[in-house]
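Just below is one structure, and these are the notes that go with it.
Both backbone and side-chain heavy atoms feed into the values below; hydrogens, waters and symmetry mates do not. Here the structure is a predicted model, which is why all the values come from computation and not from measurement.
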Amino acid sequence: ADPVKIGFLVKQAEEPWFQDEWKYAEQAAKDKGFTLVKIGIPNGEKMMAAIDNLAAQKAQGFVICAPDVKLGAAVARAAKRHDLKVISVDDQLVDGAGKPIAGIPHMGISGYEIGKQVGLGLLEEIKKRGWNLNEVGALRVAFDQLPTGRERTMGAIDALKAAGLPAANVIDAPQAKTDTENAFNAANIAFTKNPKFKHWVAMGMNDEAVLGAVRAGEGRGIRKDELIAIGIGGSQTALNEFTKPAPTAFFGTVLISPKRHGYETAANMHSWITTNQAPPAVTLTSGTLMTRQNQTELRKQMGL
Amino acid sequence: MKKPLNRAWLTEHSMTLGYAVLFLVLAVSVENFFSAANIVGLMLSVAQIGMVACTMMLCLASRDFDLSVGSTIAFAGVLGAIILEHTQSVTLAVGGGLLAGALIGAGNGVLIAYLKVNALIATLATMLMVRGLAFIVSQGQAVGIADEGFIAFGDARILGLPLPIWVTGACFLVFGVLLNHTVFGRNTLAIGGNPEAARLAGVKVEKLRVWIFLLQGLVTALAGLILASRITSGQPNSATGFELDVISACVLGGVSLQGGKARIFGVLIGVLIMGTVENVMNLMNVDAFYQYLMRGLILLAAVLLDQLKARGSKHG
Amino acid sequence: MKKPLNRAWLTEHSMTLGYAVLFLVLAVSVENFFSAANIVGLMLSVAQIGMVACTMMLCLASRDFDLSVGSTIAFAGVLGAIILEHTQSVTLAVGGGLLAGALIGAGNGVLIAYLKVNALIATLATMLMVRGLAFIVSQGQAVGIADEGFIAFGDARILGLPLPIWVTGACFLVFGVLLNHTVFGRNTLAIGGNPEAARLAGVKVEKLRVWIFLLQGLVTALAGLILASRITSGQPNSATGFELDVISACVLGGVSLQGGKARIFGVLIGVLIMGTVENVMNLMNVDAFYQYLMRGLILLAAVLLDQLKARGSKHG
Amino acid sequence: MNTASLQFDQVSKVFPGVKALNGVSFEARAGQVHGLLGENGAGKSTLLKILGGQYRPDGGRLLLNGQACHFSSASDAIKAGIAVIHQELQYVPELTVAENVLLGRLPQRFGFVDKKAASAMVAARLAAIGVDLDPDALMIDLSIAQRQMAEICKAVLQDAQVIAFDEPTSSLSHRESEVLFKLVKDLRASGKTLIYISHRLEELYALCDCCTIFRDGRKVATHPVMADVPRDLLISDMVGREVSDIYDYRPRQLGQERLQVRGMLGEHLAAPLDFAVRAGEVLGFFGLVGAGRSELMRLLYGADARSQGQVLLDGQTVSAKGPSAAIEAGIVLCPEDRKEQGILAQSSVAENINISCRRHGLLGGLFLRHAREAALADAFIKRLRIKTPNREQEIRLLSGGNQQKVILARWLAEPDLKVLILDEPTRGIDVGAKNEIYRIIHEVAESGCCVIVISSELPEVLGIADRVIVMREGRISGELDRSAASETAVLRMALPDLV
Ligand SMILES: Nc1ncnc2c1ncn2[C@@H]1O[C@H](COP(=O)(O)OP(=O)(O)OP(=O)(O)O)[C@@H](O)[C@H]1O
Ligand SMILES: Nc1ncnc2c1ncn2[C@@H]1O[C@H](COP(=O)(O)OP(=O)(O)OP(=O)(O)O)[C@@H](O)[C@H]1O
Ligand SMILES: O[C@@H]1[C@@H](O)[C@@H](O)CO[C@H]1O
Ligand SMILES: [Mg+2]
Ligand SMILES: [Mg+2]
């Protein structure tokens with residue numbers, strides 16, 4: 001038979017998360033003896049080109065985290081045309097109507113659920129500190145241009161609201177771009193606008209966004225005693241905060257495991273191709289709250 | 001007479017020759033590069049850039065600049081998808097998308113030609129506004145497309161080639177003829193070279209500019225609709241940074257940002273170089289981070305080559 | 001003599017007056033706008049753009065163009081953080097970052113001035129390559145900064161104002177003087193206004209260009225280091241799209257892309273307008289999608305105002 | 001006495017398709033004004049560009065005081081004590097007069113430009129040479145003539161040993177020319193080596209001590225004593241044929257009034273203006289710099305917006321919508337500023353000729369007929385003796401005079417030409433070509449068109465016009481028939497009232 005070649009396409013190759021996913025997929029390739037082709041696909045156009053490219057390289061299948069979940073139908077069509085197998089990772093692909101696409105197995109997270117975990121983590125810490133929810137401002141560093149970004153932060157907000165946070169306490173800080181500086185500027189203004197809150201919690205679509213809120217808070221004297229911030233991802237950005245000598249308001253991050261996503265999806269694709277054994281339709285991995293205290297242990301547990 | 005002609009010819013076509021050599025080298029050295037599937041894939045990957053580069057060429061030739069094309073692609077796609085969703089009519093969807101594109105383009109043109117707003121600022125403003133509109137009408141969500149007729153638009157094949165490639169080819173043909181064989185094209189070059197002299201020579205400078213931008217908007221919208229059909233959804237955040245790719249392809253193809261100079265064939269080569277580089281790097285599994293480095297180096301290599309040759313011919 | 005002078009003055013400073021009026025209106029109508037905390041925040045939010053706009057002004061004034069500043073910010077920040085991590089020396093970190101910036105700038109300058117590569121393509125290539133380098137040296141990960149001394153760099157306050165604002169102020173001062181009161185500045189305008197004339201008058205055009213780009217790289221690296229210290233980490237993917245913001249601020253401030261025209265005060269106003277618009281929209285809770293629309297509209301309004309006034313003064 | 005001298009030894013320069021200079025040798029001595037003459041495209045400017053370090057010669061060398069020198073840039077030439085005032089003005093529009101004049105050597109104090117000193121220095125020098133110019137004015141706000149004077153001041157301030165002027169008077173008025181002549185004479189008296197290019201023979205006779213004549217890139221002759229050279233010999237040396245009466249005027253039968261201009265008023269005119277031109281008439285417009293002649297024609301042509309006024313052609317109102325409407329009606333204009341308003345610099349000669357008239361011969365109303373355009377271009381290149389390697393040459397590479405001929409060809413190619421307006425048509429044009437242009441003007445008039453010629457050269461206006469209108473300070477100050485138009489009569493109308 002032909003040597004096995006598998007594509008691994010990710011929407012944001014520059015993001016540490018995907019670098020890690022690739023790294024672990026690479027490990028699977030070494031273990032199982034197949035070739036891995038890694039391509040970054042920042043948009044739909046590049047995605048289509050990458051799938052064509054894979055076909056030209058005579059790959060037999062690919063794992064994909066698409067730039068938008070609604071690209072599902074396009075992925076399915078392109079894969080079918082080239083006779084390629086597909087597994088989606090991280091974000092589950094849907095069709096035009098928003099229904100998950102049958103025939104594309106998925107392993108990943110639900111953005112909304114991860115967000116909820118952020119919310120629950122914040123609530124627990126709020127309770128520990130004995131804050132009154134009415135006096136807590138919830139800073140949502142928002143990048144709603146990206147649907148997953150919105151889902152995640154809304155998940156956190158919904159969890160807080162369900163626990164009794166008044167809707168009026170939710171403060172949106174829209175960032176113009178997804179980097180820390182823009183989050184900083186947005187958060188800074190939000191703090192200015194709302195001097196009335198005694199305490200703050202902050203969330204965002206990733207660790208970088210939340211870090212911006214933390215730094216902005218520090219600039220205004222809102223430090224770790226008045227602000228609890230929880231990020232998403234468990235990237236180096238978060239770890240940097242944890243290794244600082246003194247704790248900062250960057251309380252924790254919901255760690256999701258790039259190892260499982262990277263390694264298992266690639267390995268699953270390999271066995272699908274070689275033994276024709278399709279992986280389960282949906283595998284959801286969950287996130288774990290990582291803090292300064294449990295970081296080493298947790299990362300070891302996850303094999304990172 | 002014979003010799004200098006040959007040299008001029010060489011100078012004129014050095015980029016083409018360079019690309020031909022590159023292509024040959026890649027064909028023999030990179031596995032899977034020279035296969036029908038890959039070449040089709042390569043062409044498809046630059047179909048959108050190619051279409052828009054045709055009109056961007058006109059725009060640059062007239063000493064203007066358009067940053068709004070990326071947003072227009074997104075907006076036209078989203079709008080088309082929404083109209084389709086509501087009316088189930090492909091005609092209305094395509095018509096609506098094209099109309100929107102033409103209006104955006106004409107708006108740019110009026111701002112620049114009549115209200116004398118700096119082209120960079122004017123199209124930057126439209127870029128922001130149109131992107132905003134794309135988000136607003138779609139509420140930030142991709143709009144799915146289910147209509148098979150519409151999807152066929154980006155998927156159907158004629159003589160083995162996907163429709164978008166044919167459309168791009170047609171654009172190069174039409175705009176090549178427009179540039180070289182019509183008054184419209186010649187006057188475009190004239191206003192790019194010296195707008196005041198062109199006006200005194202009877203060129204209706206303002207009107208022409210509006211037309212150029214209108215065409216640009218129209219073709220860009222077409223590209224947006226085709227993209228939407230290829231990816232079976234209208235995506236409000238698609239094609240960001242597209243404008244720079246298109247402009248680079250044009251400049252690579254010898255279009256001058258100072259206006260007055262353009263060659264359709266050069267633009268074609270520019271577009272192909274951009275596509276080929278990306279294609280080959282993916283075929284060769286170049287690491288994502290190193291791809292940045294490589295793309296930069298190859299851009300430089302391409303223009304430096306062009307430069308050296310230009311100098312050679314000057315001194316020789 | 002008196003009257004036309006007044007009118008000229010009005011024309012010259014219309015943007016400033018416009019901004020002053022805008023500021024007053026916002027101060028009385030938008031809650032929280034006119035508070036020390038907010039004004040400091042506003043200034044901080046444009047500190048990086050402001051610094052780089054100073055040198056970008058020189059670059060545009062000399063009829064050039066630099067797209068690589070965003071990448072340089074990221075690279076300098078990452079590099080500084082890495083050096084700091086390894087050596088624990090703030091001096092080495094800052095020195096290394098600045099040196100890298102200066103080299104990148106000088107590289108751009110040599111490509112453009114001596115090898116005659118089109119500035120758009122040359123700096124696009126560097127933009128890609130430097131971004132790639134930033135990713136490569138950091139392996140795509142944010143590099144943490146723990147050194148208090150380094151962090152103070154972006155955090156310390158003098159007379160209530162954070163250091164970055166002072167640095168930006170100093171940049172405006174220095175480059176304002178440089179532009180208006182030194183041979184360097186006048187020659188920069190000269191090579192932008194008419195490179196051939198400047199060359200014939202004995203100005204060392206190539207050398208000057210390299211210096212301009214070198215300064216640009218240096219100041220950009222400084223901005224990158226300050227950013228890194230503000231966010232306590234060097235992030236390889238920071239400041240994407242930064243170049244367009246900077247260029248827009250300059251153009252908004254009346255710097256001509258055709259070269260030869262620049263006013264430091266205009267640039268300051270351009271930068272402030274950009275920052276204020278963003279600040280106020282967030283203060284007023286404008287929906288993210290509508291922010292695009294508003295930003296576009298306000299950009300347009302600003303230049304149209306400028307345009308109308310320019311015309312009024314021509315006819316009047 | 002200083003014996004500094006400048007020698008050209010077998011200097012050659014080749015451009016693609018053109019041998020611009022072919023083994024040129026001659027010597028210019030200190031304390032003398034050495035005139036250079038030759039047809040358009042003969043290679044005069046190329047020689048000065050080599051002298052100024054802008055081009056490197058392909059063969060031969062330059063000797064300064066017997067020393068061979070090789071300039072690799074303009075600054076080398078400046079350092080060697082050479083100043084060149086180029087034919088194409090080279091200034092920075094957004095800088096002040098003082099900054100332009102001192103560009104490359106601005107005075108400094110503590111590392112900063114000493115603006116006061118700069119202004120004072122330039123003001124003093126301007127005053128010394130008798131030019132009334134504000135050193136702090138922006139260059140862009142000056143008239144072409146004023147810019148030219150600033151350029152001259154720049155060269156003079158370089159304190160060079162050798163100063164070369166390339167057609168310095170082509171855009172100067174009478175009064176400014178006088179200033180320049182005095183300056184040149186002063187420089188000669190101070191022992192400088194001067195080179196002076198001009199197409200105006202009177203000027204050359206008045207200023208030069210000796211002269212060298214060029215044709216087709218070769219030196220034809222050097223005459224050691226200018227005063228001894230008969231005028232006819234100069235002309236035939238230059239043109240290679242005899243030219244008897246350069247104006248070539250023949251009385252014509254004038255027809256009805258074809259063009260009527262009524263109540264024309266614009267920004268720079270002082271009062272509404274009226275005039276009319278008859279079929280077959282050549283109407284001359286004379287005035288001092290800034291009199292408003294160009295403005296009037298631009299208003300008529302629709303190039304500038306009028307505040308009032310009407311143009312009637314054969315009794316029909318001509319739309320004021322812009323140049324395209326005027327052209328459609330048969331009115332065309334050759335603008336005064338060739339570089340900024342006339343040529344499409346990067347386009348070919350053929351393109352520059354065909355840009356307007358091609359609209360008449362489109363294939364299917366849409367596509368260009370390339371063969372026809374090429375033939376038309378070739379025909380005009382031949383008819384107007386345009387010196388170019390071929391029709392595809394970029395027009396910016398042609399010599400100034402030849403560029404002017406191309407613009408003229410652009411309008412002569414209009415099939416429905418009714419009114420031909422020429423604004424300073426012979427600026428920078430050699431005697432032979434002038435003669436050809438006058439011939440063409442008469443030809444056009446004879447075919448029943450109206451021709452309007454603006455010129456600042458009084459003899460030219462008097463030589464070719466059937467009637468002269470004189471303008472002063474935005475008004476028409478008088479009108480004279482050919483028979484009544486004498487130099488004094490016209491000048492009296494043109495000069496401001498002596499109070
Ligand atoms: N850069 C160039 N490239 C090609 N040809 C050139 C270039 N510069 C000048 N020429 C050609 O060289 C010849 C000499 O030109 P030059 O400008 O020296 O003439 P000139 O004697 O100054 O004429 P004029 O009296 O019209 O100014 C002309 O045929 C001109 O077209
Ligand atoms: N664009 C302009 N801006 C300011 N003033 C102008 C402009 N154009 C013309 N003028 C002024 O209008 C008046 C008429 O100028 P015009 O050029 O028509 O005169 P002219 O008789 O053709 O003289 P010239 O020999 O200078 O061409 C002058 O005072 C001139 O300074
Ligand atoms: O974009 C995110 C990425 O940042 C990581 O968190 C995994 O899920 C993807 O959707
Ligand atoms: Mg000349
Ligand atoms: Mg005039």
Side-chain angles (χ1 to χ4, degrees), chain A residues 12-20 22-23 142-146 149-150 171-195 206-208 211-212 214-216 218-221 233 235-246 248 250, chain C residues 30-33 35-42 44-48 73-74 81 131 134-135 138-146 148 151 154-155 157 162 227-228 230-242 245 275 278-289 291-292 295:
Chain A
Q12 266 285 306
E14 294 77 12
E15 231 186 274
W17 165 263
F18 292 111
Q19 286 293 316
D20 287 341
W22 272 351
K23 193 170 80 195
F143 193 73
D144 292 348
Q145 292 89 307
L146 215 61
R150 183 177 167 80
I171 308 299
D172 278 2
Q175 46 181 157
K177 279 170 215 146
T178 58
D179 61 12
T180 303
E181 199 211 348
N182 278 284
F184 178 102
N185 292 333
N188 206 4
I189 294 167
F191 286 132
T192 303
K193 251 192 331 192
N194 300 283
N206 54 27
D207 292 330
E208 285 75 21
L211 182 65
V214 169
R215 289 287 97 85
E218 284 167 1
R220 320 180 53 95
S235 67
Q236 190 65 39
T237 302
L239 298 180
N240 289 337
E241 283 297 291
F242 295 157
T243 48
K244 283 197 171 156
T248 66
F250 198 103
Chain C
V30 177
E31 210 184 332
N32 297 315
F33 177 74
S35 64
N38 188 55
I39 300 299
V40 169
L42 194 167
L44 208 48
S45 75
V46 290
Q48 269 80 238
I73 287 220
R131 181 68 69 179
F135 283 126
S138 66
Q139 292 164 300
Q141 309 278 351
V143 184
I145 293 173
E148 281 303 319
I151 291 176
D155 211 27
R157 297 192 170 220
L227 180 64
R230 283 180 56 204
I231 61 179
T232 66
S233 55
Q235 301 194 358
N237 49 12
S238 61
T240 53
F242 181 82
D245 287 347
E278 192 123 345
N279 181 279
V280 168
M281 285 197 299
N282 282 346
L283 279 180
M284 294 177 39
N285 250 337
V286 176
D287 183 288
F289 300 163
Q291 288 207 9
Y292 283 91
R295 268 194 287 163

- Message: Whether the side chain of Asn182(A) engages the backbone of Thr178(A) through a donor-acceptor N/O pair (distance < 3.5 Å, no angle test) should be reported.
- Response: no
- Query: Side chains of Glu218(A) and Thr248(A): do they bring a donor and an acceptor to under 3.5 Å?
  - Reply: no
- So do Ser238(C) and Thr180(A) actually touch side chain to side chain, heavy atoms under 4.5 Å? no
- Message: Which atoms of Phe289(C) are under 4.5 Å from chain A, going by heavy atoms: the side chain, the backbone, both sets, or neither?
- Response: side chain
- Under a 4.5 Å heavy-atom cut-off, does chain A meet the side chain of Ser45(C), its backbone, both or neither? both
- Does a donor on one side chain and an acceptor on the other come within less than 3.5 Å for Gln48(C) and Glu181(A)? yes
- Could you tell me which portion of Asn188(A) (side chain, backbone, both or neither) has an atom closer than 4.5 angstrom to a non-hydrogen atom of chain C? side chain
- Which answer fits Arg230(C), side chain, backbone, both or neither, if we ask what part of it has an atom under 4.5 Å from a heavy atom of chain A? both
- Query: For chain A, which of Val286(C), Asp155(C), Val40(C), Thr240(C) has the most heavy-atom pairs under 4.5 Å?
  - Reply: Thr240(C)
- chain C heavy atoms under 4.5 Å from Lys193(A): which part of the residue, side chain, backbone, both or neither? both
- Task: Please check if the side chain of Arg131(C) supplies one atom and the backbone of Pro236(C) the other of a donor-acceptor pair under 3.5 Å.
- Result: yes
- Quick one: what part of Ile189(A) sits under 4.5 Å from any heavy atom of chain C, side chain, backbone, both or neither? both
- Message: Given 3.5 Å as the limit, does a donor-acceptor pair link the side chain of Lys244(A) with the main chain of Gly144(C), or not?
- Response: no
- Query: Side chain, backbone, both or neither: which part of Leu283(C) has a heavy atom under 4.5 Å from chain A?
  - Reply: both
- Message: With chain A as the partner, which of Ala37(C), Ala146(C), Ala288(C) has the greatest number of non-hydrogen pairs under 4.5 Å?
- Response: Ala37(C)
- Note on the structure: So, the part of Ile145(C) with a heavy atom under 4.5 Å from chain A: the answer is backbone
- Query: Is the backbone of Ser235(A) close enough, under 3.5 Å, to the side chain of Asp207(A) for a donor and an acceptor to pair up by distance?
  - Reply: yes
- Task: Identify which part of Gln291(C) has an atom lying under 4.5 Å from any heavy atom of chain A, answering side chain, backbone, both or neither.
- Result: side chain
